[in-house]
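Below: one structure, written as structure tokens.
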Protein chains: 2
Amino acid sequence: MSRSGADLALLLLGGFRSLVDTATAELARRGYEDVRPVHDFAMRAIAAGAGNASELGRRLSVSKQAAAKTIAVLQERGYVTRGTDPRHARRMRLQVTPLGFEVLRTGEAIFDELRDQWERQIGTAQLESLETHLAALVGDQPVRFDTAGWMSRDLGEPV
Amino acid sequence: MSRSGADLALLLLGGFRSLVDTATAELARRGYEDVRPVHDFAMRAIAAGAGNASELGRRLSVSKQAAAKTIAVLQERGYVTRGTDPRHARRMRLQVTPLGFEVLRTGEAIFDELRDQWERQIGTAQLESLETHLAALVGDQPVRFDTAGWMSRDLGEPV
DNA sequence: AGTCAATGACATCCAGGTTGTCCAAGCAAG
DNA sequence: CTTGCTTGGACAACCTGGATGTCATTGACT
């Protein structure tokens, strides 16, 4: 039975959502209730060197204003701090706090557990080939995170 | 090189976005400029039998109010009509218009072309195994479409 | 000094979504 | 026949992650 192109897209979305939704839920269960995927990705980018709002925006393919908003909530929640760059008075110097790193580590652990689960379901070789082929198809273009809304609310049955 | 669980999620998202973004852009190029993925999916559900707002909401895992909003724009754009059920005065009877079906067909064609392209890139057997395994992993749980925002705006470089 | 580019702040708008409240129909049961 | 439950729909207020547009500051380069 050959699947349509649209089905393929749905499959990819379904896989992504399945991973991310359960990861978010699990993160909440472990005590980080207010972390959304977008926060995780943003922290990751900051930890990887995005030191200011504009740069973060660039890495996430998002406007600097949007990045600034995310930074604001991250800071409010205590996951990042924004000292000032001593050399450039006006520029922030973002840093992930220990608490932030805690979230990052926990998130990674959860994702890895989920991956392991998948691996047990279809086999090591299969999962690896899936990843390899997908990587070949997607290339290394940056993933856009302009995903307003759906990454932000908690799940649960809608009315 | 073994990939982390988070990378896997990113890969899936990347694949989905790659398909959907180019499909949307191509749809616009062919004259349907105001169609967003969410509209396509909603029309698909309506064509498949979702005859009223509540039902549509259920199929998309979205509140009936949200479904009603989508229906409103679909109707305004002329893609669906909402006659009244003769037996249940208050209930809508949604129908996809010929124009709507045109969009659906075009969309399908585009998605299939993209799938073909992928098939040429990694091979028929590879793509099929990718789909099979992914389907096994995702199962047949409905995909949630509560994706406010990111499916809606047109692409283009952010400031 | 004078211009230019870039950071970030502020304010306004948008698109999907969520609640919550309310009304109108049907339907079942007393 | 009335009472009450359930379901579809409308309306309103609000949220979130985005986009724009404008502006002041600042550092760099001429």
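Below, read A as the first sequence line, B as the second, and so on, with proteins coming before strands; counting in each chain starts at 1.
- Taking atom CG of D21(B) as the reference point, atom P of dG18(D) lies 14 Å away to the nearest angstrom.
- Taking atom CZ of residue R59(A) and atom P of nucleotide dT7(C), one finds them 13 Å apart after rounding to whole Å.
- For Q117(A), the side-chain hydrogen bond (donor to acceptor under 3.5 Å, both in side chains) criterion is met by no residue, not counting sequence neighbours.
- The interatomic distance linking R36(A) (CZ) with dG17(D) (P) rounds to 8 Å, in whole Å.
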Can you give me every donor-acceptor pair (side chain of residues 104-111 of chain A, partner residue at least two apart or in another chain, under 3.5 Å) with its distance?
| unit_1 | atom_1 | unit_2 | atom_2 | d |
| --- | --- | --- | --- | --- |
| T106(A) | OG1 | E102(A) | O | 2.7 |
| E108(A) | OE2 | R44(A) | NH1 | 3.2 |

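- A salt bridge (charged side-chain N to carboxylate O under 4.0 Å, His left out) check over residues 66-76 of chain B, counting only residues at least two apart or in different chains, returns nothing.
- Here the closest non-hydrogen pair linking R59(A) and A45(A) is NH1-O, 4.1 Å.
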Give me, pair by pair, the N or O atoms of the protein and of nucleotides 8-12 of chain D that are less than 3.5 Å apart, along with how far apart they are.
| unit_1 | atom_1 | unit_2 | atom_2 | d |
| --- | --- | --- | --- | --- |
| dG8(D) | OP1 | R58(B) | NH2 | 3.2 |
| dG8(D) | OP2 | R58(B) | NH2 | 3.0 |
| dG8(D) | N2 | R90(B) | NE | 2.6 |
| dG8(D) | N2 | R90(B) | NH2 | 2.8 |
| dG9(D) | OP1 | M92(B) | N | 2.9 |
| dG9(D) | OP2 | A53(B) | N | 3.0 |
| dG9(D) | OP2 | S54(B) | N | 3.1 |
| dG9(D) | N7 | K64(B) | NZ | 2.8 |
| dG9(D) | O6 | K64(B) | NZ | 3.0 |
| dA10(D) | OP1 | R82(B) | NH2 | 2.7 |

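- Atom CG of L60(A) is separated from atom C1' of dG17(D) by 12 Å (rounded to the nearest Å).
- Atom pair L56(A):CG and dA9(C):C1' shows a separation of 16 Å (rounding to whole Å applied).
- Atom CG in D40(B) sits about 16 Å away from atom C1' in dG16(C), given to the nearest Å.
- An OP1 or OP2 oxygen of dG18(D) is reached within less than 4.0 angstrom by no side-chain nitrogen or oxygen of S61(A).
- Proximity of S63(B) to the phosphate of dG17(C): no side-chain N or O atom is located under 4.0 Å from OP1 or OP2.
- Taking E26(A) as the reference, R29(A), R30(A) meet the side-chain hydrogen bond (donor to acceptor under 3.5 Å, both in side chains) condition, with sequence neighbours excluded.
- When the salt bridge (Lys or Arg N to Asp or Glu O under 4.0 Å) test is applied to D34(A), the partners found at least two apart in sequence or on another chain are R77(A).
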